Asker: 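So that we are looking at the same thing, I have put the structure below in structure tokens.
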Amino acid sequence: MRTRADRSHHGLPVAVLGVLAFAAGAAAPPPLQAQAPREFVPVTDAMLQAPSDDDWLMWRRTLDGWGYSPLDQIDRSNVGDLRLVWSRALSAGGRQQGTPLVYDGVLYMPNPSDVIQAIDAVTGDLIWEYRRSLPDDACERILPGVCTTNRNLAIYENLIIDTSVDEFIFALDARTGELVWETEVLDYTTHPANQSTGPIIVNGMAISGRSCMPAGGPDACVVTAHDARTGEELWRRRTIPRPGEPGDETWGGVPDAQRRHVGTWMAPSYDPALNLLFIGTSVTSPAPKFMIGGADNRHLYHNSTLALDADTGEIVWYYQHLNDHWDLDHPFERLLVDTVVRPDSSAVSWINPRLRPGEERQVMTGIPGKTGIVYTLDRATGEFLWATPTVAQNVVSGIDGATGAVSENPELVFGSFGQEVLACPTAMGGKDWEAGAYSPRTNTMYMPLRNACARMAALDDGARSLYSLSMRNELAPGTDQLGSVWAISAETGVTAWTHQQRTATMSLAATAGGLVFVGDVNGRFKALDDETGEVLWEVNLGSPVSGFPVTYAVGGRQYVVAGTGTGGNASRWTAMTPEIRPSDGNNIFVFALPE
């Protein structure tokens with residue numbers, strides 16, 4: 001296990017940093033003293049696979065990616081009575097897209113730039129804070145402006161586990177914030193990769209993916225598993241085939257060193273019964289395929305779902321959603337649902353003719369990519385079951401129901417530099433990293449989507465830019481409503497309702513109280529009726545609701561959390577709706593019903 005001891009860049013809790021600064025004679029305020037360790041019940045794999053209703057123990061609360069809470073104290077009849085109970089400013093050092101973890105009355109908050117806080121979930125009082133010291137050149141080498149993002153944490157036994165800007169995976173003592181172990185995943189100076197989304201825990205392993213910068217080459221494009229107790233690496237899986245491996249032929253003879261940027265920059269889902277991880281991949285760099293081996297090559301495994309054996313990282317099956325020339329990534333959340341499958345041919349565009357309507361299947365469903373297309377696959381085999389578009393899209397011209405093979409619109413496939421096309425959606429996504437949710441109460445998925453297109457052209461820049469694309473965003477034809485939420489049946493594919501609004505929508509959480517919580521770029525945080533889409537409650541938080549909302553309970557009282565901040569694409573979305581001018585403060589806000 002390689003550490004950073006030779007670099008003198010150790011992250012330390014604030015209390016320790018304050019003591020060091022004082023000893024060196026620096027002028028500093030009195031150090032923040034961590035509270036005495038509280039009684040702590042270690043978090044087990046069994047608890048992660050069947051969490052307490054009161055807790056939110058991982059990115060989407062459960063390993064199936066649902067973003068759903070069984071809490072129902074706050075419901076459709078009383079949500080209008082929600083009141084703010086506490087708020088706290090977060091680190092101002094970058095983009096805020098964090099998901100709070102909540103366990104046994106403590107809220108663990110990932111802040112930008114590898115700051116982690118433990119906060120009393122009832123009062124908002126700080127228990128401890130960890131600030132990782134980072135090399136000055138890390139962001140410059142990886143992805144300036146984006147590398148500070150820290151979307152989620154993991155918890156296991158008595159450890160809080162995260163991935164860092166400088167390409168380590170590390171663990172803190174959940175009771176004190178002290179660093180317990182750290183392991184280098186990649187050397188950021190030679191294999192730059194952006195670890196914007198932390199790990200999930202699967203059978204004692206911390207599983208994480210990353211976006212891999214072009215300069216890092218194919219060996220930076222890896223999913224890894226580490227022993228959650230010790231940090232020892234257990235396996236790593238490249239997402240670009242090596243010469244001689246299956247899929248090598250899909251790169252059209254491009255040398256291995258020039259195969260770049262097939263990233264896995266969101267967290268996977270996991271099925272314990274199948275022991276399969278489900279993770280999505282990104283576009284290549286450059287995006288136009290005529291620049292790297294030819295437009296007819298599939299360039300595996302970009303824009304695909306990979307089903308990995310959790311014990312070994314081996315690819316059990318894959319499905320490619322798009323041969324992507326437009327930066328329409330497919331790394332987003334995969335929803336694992338057991339459901340009757342009965343796609344309605346009047347609402348669903350592409351259906352497997354072998355599907356027996358009404359049979360119950362173990363499916364992987366949702367909107368995995370920026371096209372906004374819902375894909376439903378058999379999660380044991382990868383068999384295509386059905387798919388259908390939502391928001392305006394013109395890049396996919398068809399899907400063969402019998403094979404699942406996707407055909408791209410040939411009029412939009414770049415064949416030369418300077419060719420301009422109108423691609424829908426925009427590369428900012430009909431859907432992007434902002435997560436949807438699934439409710440077993442309604443057997444419905446709820447998705448934050450955007451009605452936007454872009455005029456694009458392939459750039460003759462020697463592949464110096466990330467994607468070699470120019471892009472000018474615009475609203476989709478026929479609407480002035482940029483944001484939306486779609487409610488889509490997992491059984492039939494029928495859209496139950498849509499909520500349309502002027503400003504772009506952000507991440508969602510669903511609850512057993514019949515609610516869907518959603519934020520937007522204009523700082524509005526809302527509760528929607530999960531059956532009708534009616535707005536039941538709304539508050540203005542001032543800044544884009546860029547964090548992932550969660551809900552938890554302590555002492556029998558349910559709380560709802562919204563996080564705000566600069567949030568990735570927020571500034572580009574507001575450029576499309578110039579009358580909307582939110583602030584950009586990184587904060588969390590916690591609401592509850594009056595006692």
Side-chain angles (χ1 to χ4, degrees), residues 246-247 249-252 254 262 280-284 286-306 317-332 343-355 363-378 381-416 419-427 429-431 449 453-458 467 469 476-477 488 493:
E249 72 285 353
T250 67
W251 282 80
V254 172
V262 178
T281 60
S282 76
V283 67
T284 57
K289 298 301 180 288
F290 78 89
M291 299 175 65
I292 44 168
D296 292 335
N297 292 300
R298 303 304 294 184
H299 298 84
L300 294 177
Y301 295 95
H302 91 279
N303 277 35
S304 299
T305 294
L306 303 181
W317 60 257
Y318 74 90
Y319 176 87
Q320 189 170 45
H321 300 273
L322 183 69
N323 191 6
D324 182 6
H325 309 261
W326 312 276
D327 181 25
L328 296 173
D329 290 3
H330 277 66
F332 311 133
D344 185 332
S345 60
S346 67
V348 173
S349 296
W350 305 292
I351 300 173
N352 187 327
R354 297 185 302 276
L355 186 61
V363 307
M364 186 213 76
T365 190
I367 298 181
K370 293 180 182 178
T371 61
I373 294 174
V374 179
Y375 285 89
T376 299
L377 310 177
D378 185 292
T381 66
E383 179 187 14
F384 174 84
L385 300 179
W386 61 267
T388 199
T390 54
V391 293
Q393 81 82 26
N394 62 358
V395 296
V396 171
S397 58
I399 300 178
D400 185 323
T403 66
V406 178
S407 299
E408 292 76 34
N409 183 348
E411 295 182 359
L412 302 183
V413 175
F414 297 110
S416 61
Q419 174 189 357
E420 183 177 295
V421 302
L422 177 64
C424 300
T426 169
K431 186 184 182 301
L449 303 176
C453 303
R455 298 195 181 275
M456 294 188 187
Y467 303 116
L469 289 173
I488 304 160

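Fair warning: this is a prediction, and the values are worked out from it, not measured in the lab.
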Asker: Could you tell me whether the side chain of Tyr319 and the main chain of Leu377 form a donor-acceptor pair under 3.5 Å?
Answerer: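 No.
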Asker: Between atom CH2 of Trp317 and atom OG1 of Thr381, what is the distance when rounded to the nearest 0.5 Å?
Answerer: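 Going from CH2 on Trp317 over to OG1 on Thr381, the span is 7.5 Å.
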Asker: For a 4.5 angstrom cut-off between non-hydrogen side-chain atoms, does Leu328 reach Val283?
Answerer: no
Asker: Is a donor on one side and an acceptor on the other found under 3.5 Å between the side chain of Ser304 and the backbone of Tyr318?
Answerer: no
Asker: Sub-3.5 Å donor-acceptor pair from the side chain of Ser397 to the main-chain atoms of Ser407, do we have one?
Answerer: yes
Asker: Okay, side chain of Trp386, backbone of Leu355: is any donor-acceptor separation there less than 3.5 Å?
Answerer: no
Asker: Give a yes or no answer on whether the side chain of Asn409 reaches the backbone of Asn394 with a donor-acceptor pair at less than 3.5 Å.
Answerer: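 Pair found, side chain donor or acceptor close to backbone of Asn394.
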Asker: Quick one: does any side-chain atom of Thr390 pair with a main-chain N or O of Gly372 as donor and acceptor, under 3.5 Å?
Answerer: yes
Asker: Hey, what do you get for CD (Glu383) to CG (Asp378), rounding to the nearest 0.5 Å?
Answerer: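 If we round to the nearest 0.5 Å, Glu383:CD and Asp378:CG are 6.0 Å apart.
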Asker: How close do Leu300 and Gly247 get, counting heavy atoms only, and between which atoms?
Answerer: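 The answer is CD1-CA, 4.1 Å.
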Asker: Tell me the closest heavy-atom pair linking Ala387 and Tyr375, and the distance in Å.
Answerer: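 Nearest heavy atoms, Ala387 then Tyr375: CB-CD2, 4.0 Å.
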Asker: Can you give me the closest heavy-atom contact between Trp251 and His299, atom names plus distance?
Answerer: CE3-CD2, 3.4 Å
Asker: Are any of the side-chain heavy atoms of Leu449 and Ile367 separated by less than 4.5 Å?
Answerer: yes
Asker: Give a yes or no on this: more than 12 heavy atoms of other residues, nucleotides or ligands lie within 6.0 Å of atom CG of Asp400.
Answerer: yes
Asker: What distance do Phe384 atom CZ and Arg354 atom CZ have between them, rounded to the nearest 0.5 Å?
Answerer: 10.5 Å
Asker: So how far is it from Lys431 NZ to Ile373 CD1, rounded to the nearest 0.5 Å?
Answerer: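 One gets 14.0 Å once the value is rounded to the nearest 0.5 Å.
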Asker: Just wondering, do Val406 and Ile399 contact through their side chains at under 4.5 Å, heavy atoms?
Answerer: yes
Asker: Are the side chain of Thr284 and the backbone of Lys289 linked by a donor-acceptor contact shorter than 3.5 Å?
Answerer: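 Not a single qualifying donor-acceptor pair exists.
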Asker: With side chain to side chain contact (heavy atoms under 4.5 Å, CB included) as the criterion, how do Leu322 and Glu408 come out once you've worked through the C-alpha distance, each side chain's angles and the decisive distance to 0.1 Å?
Answerer: CA-CA 7 Å; Leu322 183 69; Glu408 292 76 34; 3.8 Å; yes
Asker: Tell me the closest heavy-atom pair linking Ile488 and Gly493, and the distance in Å.
Answerer: CG2-O, 3.7 Å
Asker: Is there a side-chain contact between Phe414 and Met456 (heavy atoms, below 4.5 Å)?
Answerer: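 Side chain of Phe414 against side chain of Met456, heavy atoms only: contact under 4.5 Å found.
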Asker: Ignoring hydrogens and angles, tell me if any N or O in the side chain of Asn323 forms a donor-acceptor pair with the backbone of Asn297 under 3.5 Å.
Answerer: yes
Asker: Measuring from atom OH of Tyr467 to atom CG of Asp327, what distance do you get when rounded to the nearest 0.5 angstrom?
Answerer: 4.5 Å
Asker: With a 3.5 Å distance limit and no angle check, can you tell me whether Asn303 reaches the backbone of His321 through a side-chain donor-acceptor pair?
Answerer: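 Not a single qualifying donor-acceptor pair exists.
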Asker: Grab the two heavy atoms, one from Asp324 and one from His302, that are nearest each other, plus how far apart they are.
Answerer: N-NE2, 3.0 Å
Asker: Output yes when a side-chain donor or acceptor of Ser282 lies under 3.5 Å from a complementary backbone atom of Asp329, and no otherwise.
Answerer: no
Asker: Got Val413 and Phe290 here, is their nearest side-chain heavy-atom distance under 4.5 Å?
Answerer: no
Asker: Do Thr371 and Pro389 come within less than 4.5 Å of each other through their side chains, counting heavy atoms only?
Answerer: no
Asker: Which heavy-atom pair separates Lys370 from Pro425 by the least distance, and what is that distance?
Answerer: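 Scanning both residues, the minimum pair turns out to be O-CG, 3.3 Å.
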